[in-house]
Amino acid sequence: NSEGELDVEPLKVCYVGRLFSSGQDNGVANLIKSWKAVSSDKAKLSIIGISKSELSALRMSLDLESIEIVGNIDHVKMPEMLSAYDVGIITYEESRYNSDRFPIKAVEYCAVGLNVVATNTKSLQEVLGSEFAYFYNPIDLFSLANCIDFIVNDRREARKRSILGHMWAQDYTYENRLKSVYPILGGSNP
């Protein structure tokens with residue numbers, strides 16, 4: 001470090017979820033491959049919520065040496081668990097299945113004030129927006145590392161985005177969601 005610089009702890013980054021949802025790949029294997037380009041002095045990754053059988057499959061096919069694996073967590077304890085992290089990752093890939101579902105983990109991440117890093121799928125960009133989320137290309141092995149670098153190198157901007165995300169999550173109620181979706185389904189606003 002240069003004179004006058006403070007040592008900064010690596011970002012604590014997490015992915016919460018399973019390897020597959022309803023039989024669809026959640027993109028975790030690509031996350032692990034991309035994570036190899038992230039410097040360990042900048043960030044540490046935890047994968048939270050995968051089952052023992054999923055973990056066995058991962059260990060057989062990928063190097064998990066630099067990644068912390070946390071098993072299933074009671075949903076009630078999730079906010080407390082997430083509050084120990086700085087960044088939450090959403091790994092969904094472009095597909096009809098992923099474009100038709102809402103990433104509730106984005107609300108969970110934002111509700112506790114995490115920065116959100118998500119794949120650059122059209123649906124995630126529409127839901128989250130670049131004012132508070134960072135987007136990466138899951139095919140480009142350095143894109144995720146670049147997002148982490150942006151957060152590490154501009155903590156003021158990262159803090160601003162986490163505040164905007166937190167405000168978005170506070171406004172994200174089921175009632176507000178229904179009001180926004182109902183007209184799309186052919187009804188008028190309730």
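In what follows, residues are counted from 1 in the order of the sequence shown.
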Task: Heavy-atom side-chain proximity of Tyr92 to Asn26 below 4.5 angstrom - done: yes

Open item on the list: Quick check against the 3.5 Å criterion: does Arg161 have a side-chain atom that pairs as donor or acceptor with the backbone of Ala133?
Closed with: yes

Task: side-chain contact (heavy atoms from CB on, under 4.5 Å) assessment of Ile47 paired with Glu68 - done: CA-CA 6 Å; Ile47 296 177; Glu68 176 187 29; over 6 Å; no

Open item on the list: Do Val107 and Trp168 have side chains that approach each other closer than 4.5 Å (heavy atoms only, starting at C-beta)?
Closed with: yes

Task: Met167 CE to Phe132 CZ distance, which is reported to the nearest 0.5 Å - done: 10.5 Å

Task: Ala118 to Leu124 - nearest heavy-atom pair and separation - done: CB-CD1, 4.0 Å

- [ ] Could you point out which residue of Asn115, Ile67, Ile89 forms a side-chain contact (heavy atoms from CB on, under 4.5 Å) with Val13?
- [x] Ile89

- [ ] Nearest 0.5 Å please: distance from the CG atom of Leu114 over to the SG atom of Cys14.
- [x] 5.5 Å

Open item on the list: My understanding is that only residues two or more places apart in sequence, or in another chain, count here; which of them pass side chain to side chain donor-acceptor pair (under 3.5 Å) with Asp149?
Closed with: Lys42

Open item on the list: Set out, in order, the CA-CA distance, both residues' side-chain angles and the distance that settles side-chain hydrogen bond (donor to acceptor under 3.5 Å, both in side chains) for Tyr85 and Ser46, then state yes or no.
Closed with: CA-CA 9 Å; Tyr85 291 90; Ser46 297; 3.1 Å; yes

Task: Ser123 OG to Leu128 CG distance, which is reported to the nearest 0.5 Å - done: 9.0 Å

Open item on the list: Under a 4.0 Å threshold between the charged nitrogen and the carboxylate oxygen, would Glu157 count as salt-bridged to Lys160?
Closed with: yes

Task: Verify same cluster id: Tyr109, Ile73 (apolar side-chain graph, 4.5 Å) - done: yes

Task: Lys36 side chain to Ile32 backbone, donor-acceptor under 3.5 Å - done: no

Open item on the list: Under a 3.5 Å distance rule, please check whether Lys105 uses its side chain to pair with a backbone N or O of Val16 as donor and acceptor.
Closed with: yes

Task: Spacing of Lys12 atom NZ and Ser83 atom OG [to the nearest 0.5 Å] - done: 10.0 Å

TODO: Give every residue pair that meets the side-chain hydrogen bond (donor to acceptor under 3.5 Å, both in side chains) criterion with at least one member in residues 127-141, sequence neighbours excluded.
DONE: none

TODO: Check whether any side-chain heavy atom of Leu11 lies under 4.5 Å from a side-chain heavy atom of Ile151, and answer yes or no.
DONE: yes

Task: Non-hydrogen atoms of Met81 and Val70 that approach each other most closely - done: CE-CG1, 3.5 Å

Open item on the list: Counting neighbours of CZ on Arg159 that are heavy atoms of other residues, nucleotides or ligands and sit closer than 6.0 Å, is the number greater than 12?
Closed with: no

Open item on the list: Between Glu108 (side chain only) and Pro79 (backbone N and O only), is there a donor and an acceptor less than 3.5 Å apart?
Closed with: no

Task: Shortest non-hydrogen contact between Gly71 and Ile48, atoms and distance - done: O-CG2, 4.1 Å

Task: Distance, nearest 0.5 Å, that separates OH of Tyr15 from CD1 of Ile50 - done: 9.0 Å

Task: Separation between OG of Ser162 and CG of Asp86, rounded to the nearest 0.5 Å - done: 9.5 Å

Task: Nearest heavy-atom neighbours spanning Val116 and Ala106 - done: CG2-O, 4.5 Å

- [ ] Write down the atom of Ser34, the atom of Pro138, and the distance for their closest heavy-atom approach.
- [x] OG-O, 4.0 Å

Open item on the list: Taking CZ in Phe150 as the centre, count heavy atoms belonging to other residues, nucleotides or ligands within less than 6.0 Å. Is the count above 12?
Closed with: no

Open item on the list: Which heavy atom of Leu31 sits nearest to which heavy atom of Leu144, and what is that distance?
Closed with: CD1-CD2, 3.6 Å

Open item on the list: Does either side chain, that of Glu93 or that of Asn30, offer a donor lying less than 3.5 Å from an acceptor on the other one?
Closed with: yes

